[in-house]
Amino acid sequence: HQKSMKKGLELAIKRSGIKEPISAYSFRHTFATEVLRKTANLRAVQTLLGHSHTTMTERYAHALPETLKDAVESLK
């Protein structure tokens, strides 16, 4: 359940000694961005996040230009 996940996350952050405020959303966003950077697969991110429409997932598309640049560089 979302409440128990949030509570567990807060406890883990406290135990880690991290002082900056971190939210569950921050972890979710970082996860989605990293999956997209490594795979360039927006559909996979959509499925993993449980978005019913791609418009919700498109906010992570900012990670794609870097991935596309890396893909072109790998051709050299």
Side-chain angles (χ1 to χ4, degrees):
H1 192 270
Q2 191 172 3
K3 285 183 182 182
S4 60
M5 194 279 302
K6 184 178 178 183
K7 196 174 202 177
L9 179 60
E10 288 170 354
L11 180 61
I13 291 168
K14 184 178 179 180
R15 287 180 179 173
S16 74
I18 296 172
K19 302 294 182 209
E20 299 85 26
I22 299 176
S23 67
Y25 174 79
S26 296
F27 281 102
R28 180 179 168 89
H29 181 76
T30 300
F31 169 75
T33 300
E34 287 302 307
V35 169
L36 190 56
R37 278 191 184 138
K38 292 184 188 306
T39 67
N41 187 335
L42 200 58
R43 178 70 174 123
V45 174
Q46 177 187 2
T47 301
L48 290 167
L49 296 181
H51 292 162
S52 56
H53 301 285
T54 55
T55 53
M56 293 294 295
T57 314
E58 286 172 3
R59 71 182 82 185
Y60 299 100
H62 65 82
L64 284 175
E66 182 180 304
T67 302
L68 296 176
K69 179 183 174 192
D70 291 345
V72 171
E73 290 294 321
S74 74
L75 296 174
K76 292 182 179 180

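All residue numbers refer to positions in the sequence shown, counting from 1. The analysis underlying the following values was restricted to heavy atoms, covering all of them including side chains, and did not include hydrogens, waters or symmetry mates. Small disclaimer: the values here were computed from a predicted structure and weren't measured.
For the atom pair CE (M5) and CD (E10), the distance works out to 9.5 Å, reported to the nearest 0.5 Å. Put simply, CD1 on I22 and NZ on K14 are 15.0 Å apart, with the number rounded to the nearest 0.5 Å.
Residues meeting the side chain to side chain donor-acceptor pair (under 3.5 Å) test with E34, sequence neighbours left out: R37.
Of all heavy-atom pairs between L49 and A32, the closest is CD1-CB, 3.6 Å.
Using a 4.5 Å cut-off on side-chain heavy atoms (C-beta onward), T54 and L42 make no contact.
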side-chain contact (heavy atoms from CB on, under 4.5 Å) between N41 and L36, worked out:
CA-CA 6 Å; N41 187 335; L36 190 56; 5.6 Å; no
Would I13 and F27 count as a side-chain contact (heavy atoms from CB on, under 4.5 Å) if you check the C-alpha gap in whole Å, the side-chain angles of each, and the deciding distance to 0.1 Å?
CA-CA 11 Å; I13 291 168; F27 281 102; 4.1 Å; yes
Run the side-chain contact (heavy atoms from CB on, under 4.5 Å) test on F31 and V45 for me, step by step, so that the C-alpha distance in whole Å, both residues' side-chain angles and the decisive distance to 0.1 Å come before the verdict.
CA-CA 9 Å; F31 169 75; V45 174; over 6 Å; no
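Residues I18 and L9 are members of one and the same hydrophobic cluster, defined by side-chain heavy-atom contacts under 4.5 angstrom among Ile, Leu, Val, Met, Phe, Trp and Tyr.
With hydrogens and angles ignored, the 3.5 Å screen pairs no side-chain donor or acceptor of Q46 with any backbone N or O of T57. For T33 (side chain) and H29 (main-chain N/O), a donor-acceptor pair under 3.5 Å exists by modelled atom type.
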